[in-house]
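Beneath this line is the structure, given in structure tokens, with notes to follow.
Both ligands and their constituent atoms are indexed starting at 1 by order of listing.
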Amino acid sequence: MDRLYHVLEAQQFDLDLIEAIFSTAQEMEQVVQHYGSNILNRRVMATLFYEPSTRTRLSFESAMTRLGGAVITTESAQEFSSAAKGETLEDTIRVVAGYSDVIVLRHYESGASNRAAAVAGIPVINAGDGAGQHPTQALLDLFTIQREIGRLKKINIALVGDLANGRTVRSLCYLLAKYEDVKMYFVAPETVRMKDDIKEYLQRHQVSFEEVDDLHEVARQADVVYQTRIQKERFGDRTGEYEQARGKYIVDRSVMDCMQEHAVVMHPLPRVDEIDPEVDADPRAAYFRQAHNGLYVRMALLRMILA
Ligand code: CP
């Protein structure tokens with residue numbers, strides 16, 4: 001079994017490790033079907049979430065529970081942990097590390113997981129750091145593409161929506177850049193276009209990408225349309241900019257009509273109004289299957305870190 005320690009950014013994974021995670025995730029699906037395992041008996045996972053979450057926190061907690069481990073948790077940590085009294089992230093991590101074997105951290109500041117890893121003395125998993133990265137989401141996204149399309153090479157993917165603030169798309173770009181003949185189409189409102197650091201990374205790694213305006217045109221060529229939410233919480237008082245960006249690109253029946261039969265729509269969720277609910281009934285709507293895959297991928301990560 002390959003061992004992992006920290007999970008901090010998508011760039012840390014090589015192709016062999018990704019394959020090992022996916023193979024373990026497939027085993028984990030069997031484990032769930034057979035009512036779990038005790039492999040992580042007596043191990044403790046701490047989930048420290050300074051930003052809201054449904055999928056990431058609960059799928060990690062379910063993953064740990066299904067593997068026989070225990071969970072200690074604080075949601076809304078900014079309000080309900082001693083951060084509210086002025087404790088630094090570093091001090092909180094030093095203390096929580098004494099109570100647990102792995103820390104899963106979501107934080108509103110980019111780089112927070114690296115700061116945590118520097119002082120923890122136990123493995124730290126980045127569960128989303130501001131507009132930085134969300135590497136475990138990118139792994140489950142990649143796992144979903146492999147399952148839905150049957151390959152990771154020669155993929156045309158349209159990344160749509162808030163590409164400036166979307167940590168999931170940033171991490172996914174780093175992972176997809178490892179595969180041959182991937183073509184990325186960036187479809188974003190003017191105010192939230194993909195940042196230069198990712199574009200420079202893709203150029204350095206000879207990954208083909210194009211910034212385009214016409215979602216319907218791109219939908220005809222895409223194997224995957226990866227829609228994202230315009231992240232209102234990152235706009236602060238720039239409500240005008242948010243309103244301009246919101247609603248520009250919606251995946252609805254007209255977009256589905258352009259897509260190929262084998263293609264899929266993905267979304268890290270939560271969605272607001274950027275995918276019309278009438279799309280949910282289309283078999284190509286893969287976003288709830290994608291969220292479900294998060295359980296298996298996170299079980300695989302915990303097993304590889306702790307077992
Ligand atoms: N995709 C994702 O990170 O969802 P949550 O914010 O609900 O964890």
Does Leu269 approach ligand 1 within less than 4.0 angstrom via side chain, backbone, both or neither, non-hydrogen atoms only?
-> backbone
What atoms of ligand 1 come closer than 4.0 angstrom to any heavy atom of Ser53?
-> 5 (P), 6 (O), 7 (O), 8 (O)
Protein residue, atom and distance nearest to atom 4 (O) of ligand 1, heavy-atom basis = Arg55 NE, 3.1 Å
Kindly confirm or rule out an N or O of Arg57 lying under 3.5 angstrom from an N or O of ligand 1.
-> no
May I ask you to check if ligand 1 and Pro270 share an N or O to N or O distance below 3.5 Å?
-> no
Would you call Lys195-Asp197 a salt bridge at under 4.0 Å N-O?
-> no
Are Asp162 and Arg234 close enough for a salt bridge, meaning some N to O gap below 4.0 Å?
-> no
Kindly assign one of parallel, tilted or perpendicular to the pair Tyr242 and Phe235, based on the angle between their ring planes and the thresholds 30° and 60°.
-> perpendicular
Hey, does Arg106 sit under 4.0 Å from ligand 1 if you only count heavy atoms?
-> yes
Tell me, which protein residue and heavy-atom name are nearest atom 7 (O) of ligand 1, and how many Å apart are they?
-> Thr54 N, 2.8 Å
Under 4.0 Å between a Lys/Arg side-chain N and an Asp/Glu carboxylate O for Asp273 and Arg246?
-> yes
Tell me, with the steps shown, if Gln12 and His6 meet side-chain hydrogen bond (donor to acceptor under 3.5 Å, both in side chains).
-> CA-CA 10 Å; Gln12 78 183 73; His6 299 304; over 6 Å; no
Thr56 neighbourhood, listing ligand 1 atoms whose heavy-atom distance to it stays under 4.0 Å = 2 (C), 3 (O), 4 (O), 5 (P), 8 (O)
Before accepting this row, confirm whether a basic side-chain N of the pair Arg42/Asp101 lies closer than 4.0 Å to the acidic partner's carboxylate O.
-> no
